[in-house]
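Below: the structure, in structure tokens.
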Amino acid sequence: FLNYLNEGYLDLWVRMTGLGQGYGTKKTGTIEDPDIALVSGQNTYTMPPDMLRPVKIALDYVGNGKFVRARKFDPLLTEDDNQFSESSPRQSLFHNHIEINPVPKASAGRMRLWYVFMPAMLINATEVLRIPAAEMATKSLIDFCIARVYEKAYKPERASYFLQAYENGVTAWLSSIAVRDQETEVVHSFASGWEDGSEVIY
């Protein structure tokens, strides 16, 4: 049953991160997740083991804390590496490696990553999901697990019913968290004059 939970949890996670808005995204440069140290003469670096996909890659060649975003490039189509500079670097992904250009000249720099990460799988069925509106998502996840059980029991009609319930629940859950990014342009302060909007906070 736990395998079904984790299968559904990963599906929820991937769909959630597809919304953008920073869901499931982490940044290096912390004690728990330090930046990648650049090495003189080395242009290929291993991605963090929990990286699903990068959001942004920035480079600080000098080590002074001023990061510059590394733009994507296709090395198969690029013949002249001299067009890259430390103020305008490029990067590309190969399997679980990141290749950067230009190649670092010193070992003082750092690479900072913003990326969608793979969540830790559930260890037991009573764990709280590490996603927004977890209670709402959990109800859908139960439908997913029941559908899988019915599939194993060769009851396709019942499985189909619960899979549809899962899809409906996921749609409602994603819709509810997608609006979290909407921002009110003007917020009235509850002080004198708030009734007529003469006092506003921007």
Side-chain angles (χ1 to χ4, degrees), residues 2-123 127 129-132 137 141 144-145 148 166-167 170 173-174 177-178 181:
L2 192 58
N3 287 338
Y4 298 153
L5 278 175
N6 278 315
E7 181 185 351
Y9 180 37
L10 185 57
D11 182 60
L12 290 174
W13 186 271
V14 170
R15 296 197 201 194
M16 176 190 71
T17 60
L19 292 174
Q21 303 178 16
Y23 287 119
T25 302
K26 72 164 61 170
K27 179 185 81 168
T28 62
T30 65
I31 295 174
E32 298 82 15
D33 296 292
D35 292 326
I36 297 174
L38 299 183
V39 179
S40 176
Q42 179 179 324
N43 72 332
T44 303
Y45 299 85
T46 303
M47 296 179 186
D50 63 343
M51 178 189 280
L52 284 177
R53 65 178 181 274
V55 175
K56 181 170 71 171
I57 298 172
L59 299 169
D60 170 15
Y61 280 94
V62 181
N64 60 4
K66 295 181 179 179
F67 289 87
V68 177
R69 183 170 186 169
R71 303 293 178 183
K72 293 181 182 179
F73 79 100
D74 186 347
L76 299 178
L77 301 177
T78 302
E79 297 179 359
D80 186 8
D81 287 347
N82 294 326
Q83 64 182 295
F84 310 124
S85 67
E86 292 184 357
S87 61
S88 183
R90 298 291 186 266
Q91 55 84 11
S92 62
L93 305 178
F94 292 99
H95 303 291
N96 64 331
H97 293 90
I98 301 170
E99 182 180 306
I100 62 171
N101 272 298
V103 178
K105 297 175 183 176
S107 297
R110 294 174 295 164
M111 181 189 308
R112 181 160 293 173
L113 306 174
W114 287 257
Y115 64 93
V116 175
F117 65 96
M118 174 78 154
M121 293 292 95
L122 304 172
I123 298 174
E127 281 188 72
L129 301 181
R130 293 172 289 277
I131 53 180
L141 190 53
F144 179 87
C145 292
R148 286 290 185 257
Y166 170 72
E167 291 296 335
V170 171
W173 171 66
L174 290 174
I177 65 174
D181 197 40

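All heavy atoms count here, side chains included; hydrogens, waters and symmetry mates do not.
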Could you pull out every donor-acceptor pair under 3.5 Å between side chains of residues 63-70 and any protein atom, sequence neighbours left out?
residue : atom : partner : partner atom : Å
Asn64   : OD1  : Lys66   : N            : 3.0

At their closest point, which heavy atom of Ser85 faces which heavy atom of Pro102, and how far apart are they? O-CD, 3.4 Å
Pairwise distance CE(Met121) to CG(Leu10) - rounded to 0.5 angstrom: 5.0 Å
Mind jotting down which residue pairs meet the salt bridge (Lys or Arg N to Asp or Glu O under 4.0 Å) criterion with at least one end in residues 2-19? Sequence neighbours excluded, please. Glu7-Arg148, Asp11-Arg15, Arg15-Glu167
Could you measure the distance from the CD1 atom of Ile98 to the CE atom of Met47? Nearest 0.5 Å is fine. 5.0 Å
Which pairs with one or both residues in residues 48-58 pass salt bridge (Lys or Arg N to Asp or Glu O under 4.0 Å), sequence neighbours excluded? Lys26-Asp50
Set of residues satisfying salt bridge (Lys or Arg N to Asp or Glu O under 4.0 Å) with respect to Glu86, sequence neighbours excluded: none
Compare all side-chain heavy atoms of Thr28 with those of Ile36 and state whether any distance is below 4.5 angstrom. no
All heavy atoms of Leu52 vs all of Met118, minimum pair found to be CG-N, 3.8 Å
Show the nearest heavy-atom pair for residues Asp33 and Tyr115, with the distance to one decimal. OD1-OH, 4.4 Å
Distance from Tyr9 atom OH to Ile131 atom CD1, nearest 0.5 Å? 6.0 Å
Compare every heavy atom of Gly24 with every heavy atom of Thr17, then report the nearest pair and how far apart it is. CG2-CA, 4.0 Å
Indicate yes or no: at least one non-hydrogen side-chain atom of Lys72 is less than 4.5 angstrom from one of Gln91. yes
With no hydrogens and no angle check, is any side-chain donor or acceptor of Tyr45 less than 3.5 Å from a backbone partner on Val39? yes
Would you tabulate the side-chain donor-acceptor contacts of residues 103-114 under 3.5 Å, counting partners in other chains and residues two or more places apart, or write 'none'?
residue : atom : partner : partner atom : Å
Ser107  : OG   : Ser40   : N            : 2.9
Arg110  : NH1  : Asp35   : OD2          : 3.2
Arg112  : NE   : Asp35   : OD1          : 3.0
Arg112  : NE   : Asp35   : OD2          : 3.3
Arg112  : NH2  : Asp35   : OD2          : 2.8

Identify the two heavy atoms, one from Asn6 and one from Leu122, that lie closest to each other, and give their separation to 0.1 Å. OD1-N, 2.7 Å
Rounded to the nearest 0.5 Å, how far apart are CG of Leu129 and CE of Met16? 10.0 Å
Determine the minimum heavy-atom distance between Ile177 and Tyr23, stating which atoms define it. O-OH, 2.7 Å
Please work out whether the ring planes of Phe117 and Trp13 are parallel, tilted or perpendicular, with thresholds of 30° and 60°. perpendicular
Partners of Arg71 by salt bridge (Lys or Arg N to Asp or Glu O under 4.0 Å), sequence neighbours excluded? none
Could you measure the distance from the CG atom of Leu12 to the CH2 atom of Trp173? Nearest 0.5 Å is fine. 5.0 Å
Taking the side chain as every heavy atom from C-beta outward, state whether Thr46 and Met51 have any pair of such atoms under 4.5 Å apart. no
Would you indicate whether the side-chain heavy atoms of Ser92 and Phe73 approach each other to under 4.5 Å? yes
